[in-house]
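Encoded as structure tokens, the structure appears first; notes follow it.
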4 protein chains.
Amino acid sequence: MTAVKDRRTEILQASVKIFSKQGFHDAKIDDVAQAAGVAKGTVYQYFSSKQELFQEMIKYAVERYTFIVKEIVYGENDIEEKIYALAVKHGEFLKEHIEMAEVVPHQVNVSKEMRLWIMEQKKHLFLLLEEMIENGKNRGEIRKDVDKEIAVISIMGSLFLYYEKELREHRGMPQRSEPKPLVEFLMRALH
Amino acid sequence: MTAVKDRRTEILQASVKIFSKQGFHDAKIDDVAQAAGVAKGTVYQYFSSKQELFQEMIKYAVERYTFIVKEIVYGENDIEEKIYALAVKHGEFLKEHIEMAEVVPHQVNVSKEMRLWIMEQKKHLFLLLEEMIENGKNRGEIRKDVDKEIAVISIMGSLFLYYEKELREHRGMPQRSEPKPLVEFLMRALH
Amino acid sequence: MTAVKDRRTEILQASVKIFSKQGFHDAKIDDVAQAAGVAKGTVYQYFSSKQELFQEMIKYAVERYTFIVKEIVYGENDIEEKIYALAVKHGEFLKEHIEMAEVVPHQVNVSKEMRLWIMEQKKHLFLLLEEMIENGKNRGEIRKDVDKEIAVISIMGSLFLYYEKELREHRGMPQRSEPKPLVEFLMRALH
Amino acid sequence: MTAVKDRRTEILQASVKIFSKQGFHDAKIDDVAQAAGVAKGTVYQYFSSKQELFQEMIKYAVERYTFIVKEIVYGENDIEEKIYALAVKHGEFLKEHIEMAEVVPHQVNVSKEMRLWIMEQKKHLFLLLEEMIENGKNRGEIRKDVDKEIAVISIMGSLFLYYEKELREHRGMPQRSEPKPLVEFLMRALH
DNA sequence: GATGAATGAGGCTTCATTCAT
DNA sequence: GATGAATGAAGCCTCATTCAT
């Protein structure tokens, strides 16, 4: 928000970049420090351990992701536009953090509490999206007999794989792909 | 199945278990050795390094997965039955190897050649499934205007997330879930 | 001499001691570290591997040896005094580094480039000494028909064996032997 | 002696080749076994450990060397011919065993008893050669005021370095060099 | 006797973490 | 607060040695 980012946030952002590129173990504290433009020791002034840094980084990323989803879900658009927006934003987020979104839940290096917290967040996210489906039904944009849980799974699973494939196939090239056909495909199942 | 398994395969199977549970870095060679019931040194009689072991393990798992998919795709059933079978088998495979299927491509610890090989396998798998969609169209089981690439992405993405969520929510409990509703949901988009 | 030695040099000097006493393989990095009064890890801050440490140590020793020889060769004394000085200094050097001088070229654990460098240094040293012989001839201290290459080989070979034998026979006892007779013997062949 | 060499001797000869080329530590038991054309386990049927094998190999080499020297020293030739023969035979021996002769005494991996035995052998060898000098004096081939110990040191030191240099410079090429000039140089000091 | 698969002690190396400046 | 040199626990890997066949 402010023009002056504090050190902590700088390090956190460097962490996102490094951890998502290299994974927990191959990311060295030194790499993060360099990326943040500080010395190794400085990292330890803001985070007590590599674990904690990793967890805080996840929190940071997950919260940003949740924020993005919330904005879309609570927006004014109809359901198709919302799903389309989800797709686009998800793609942007992935391009920034590469595998983060998917790797995160598989990473072993989080505390039990953290794992629970992540599950909580995921659940929260799903509920949010299920709410979106429910609203769609009420507004007549979605068939009444659609199972909202199934719908969310299918939408998000499709998006994940769509962008993972795109990233895999066009690695490096920042080409903007058009998820419209995918969204239309999904709408056929929903409407 | 057979009473006589050679050491290499024993170690490979132990690797699948250990690596998929702990990830590359947290899995110690000693863990694998113990799981295979041999001494640390023995692992090195069959694999020249931890890296190689990991890669051979992936190969082993990917090939098994591909075999399963092939059996289904080339089977006699109609498209809905095939997707249902894919779902069930995918679920079984995941239960065995947990996160393997999804973590694999993100793992940093594979050689460039291996990464290419995996991408090749993925591409192969997708082509196989696209063929399945195409056949479905020809048999009138799938609408003609369905994009086969989109369809495969949506099907597989949905399956991945469906079982990931299930594993997350019922971790440990080997309860058999019923993917019929998901398949029916997908069929609405396809038919 | 100076009160302030940098860590790198400290470790290098400890290496000379340890490697020359124990040889490449029997010298443990931990031994070197302890001899230098630092922790194992510290060695790796200054040298990337045991190999590199070994090679740098050789460089260090060879350069000191060459320096000593140069001082003598370019000094003001006559040829007999120079050979005597070479003998004495060689003995002192050996007492410090024991077998270093002779073992070095046979050690397997040097890179090809290093081996070439050592050969280059040896060649350089021989040329230096041949120059000394040539000067002796010009000053009438050495017969004109003496082959300078043969002369250098005989002088240095005699010195090597003389001190090796002495070290072997009086191992430990730092008794100062008198190489005068050997020098006089060599002078009979030269003059 | 017999046309059929027993296994033990075969392994011993393979050891000479391997140890002299690679040094104690870099020579693997497997290398020796392969060179001898037997399996690893077989080596242990004849030698209880790598150490013992190494020591027996040294014994074998030293005894052969001593035998060669004895033949020359007790031969009928005059002193110059004997020194010449020593040079030629020493060169041949070195070409076969490369650095063996010089590396042996520096090797750390011999028991205290072995080290003592080697020193004993060396002393014996030197006494033999000093006897040769003494005989030369008695026959009037060598000046009376020559110190026999010094003479032997100078002769053998010169030979060692002469052939080491030759091997270094013409590594690989089996060219027969002519040590006559060196011998004549030494004779000037002796006569 | 001969074999070579299995073993596990031991050493090099990495890197998270500390702490004096 | 910031730094980065020093530390040492921990893990991969090698290879001498054993032993069942």
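Note: hydrogens, waters and symmetry copies are ignored here, and every other heavy atom, side chains too, is used. Since the model is a prediction, treat every value here as computed from it, not as a measurement.
Rounded to whole Å, atom P of dT13(E) lies 13 Å from atom CG of D30(C). Computed from coordinates, the H25(B) NE2 to dT14(E) C1' distance equals 11 Å when rounded to whole Å. In this structure, the CD1 atom of I29(C) is 18 Å from the P atom of dG10(E), given to the nearest Å. In this structure, NZ of K50(C) is placed 15 Å from P of dG10(E), rounded to the nearest angstrom. Rounded to an integer number of Å, the gap from F47(A) CZ to dA16(E) C1' is 16 Å.
Of the two residues contacting DNA chain F, namely K28(B) and R7(A), the nearest-nucleotide position lying further toward the 5' end is that of R7(A).
Summary for the helix from dA2(E)-dT21(F) to dT21(E)-dA2(F): the axes at its two ends, each from 5 pairs, differ by 0° when rounded to the nearest 10 degrees.
The minimum heavy-atom distance linking S15(C) with L53(C) is given by the pair OG-CD1, 3.2 Å.
In this structure, D31(A) has no side-chain hydrogen bond (donor to acceptor under 3.5 Å, both in side chains) partners at least two apart in sequence or on a different chain. Judged as a side-chain hydrogen bond (donor to acceptor under 3.5 Å, both in side chains), and not counting sequence neighbours, Q121(D) has no contacts.
Non-hydrogen atoms lying under 4.0 Å from DNA chain E are contributed by K40(A), Y44(A), all within residues 31-46 of chain A.
Taking a heavy-atom distance under 4.0 Å as the criterion, the stretch of DNA chain F touched by chain B extends 5' to 3' from dG11(F) to dT14(F).
Ring orientation note: the planes of F19(C) and F24(C) are close to parallel, at an angle under 30° on the 30°/60° scale.
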Side-chain donor/acceptor pairs under 3.5 Å, residues 37-48 of chain A, sequence neighbours excluded:
unit_1	atom_1	unit_2	atom_2	d
T42(A)	OG1	A39(A)	O	3.4
S48(A)	OG	E52(A)	OE1	2.6

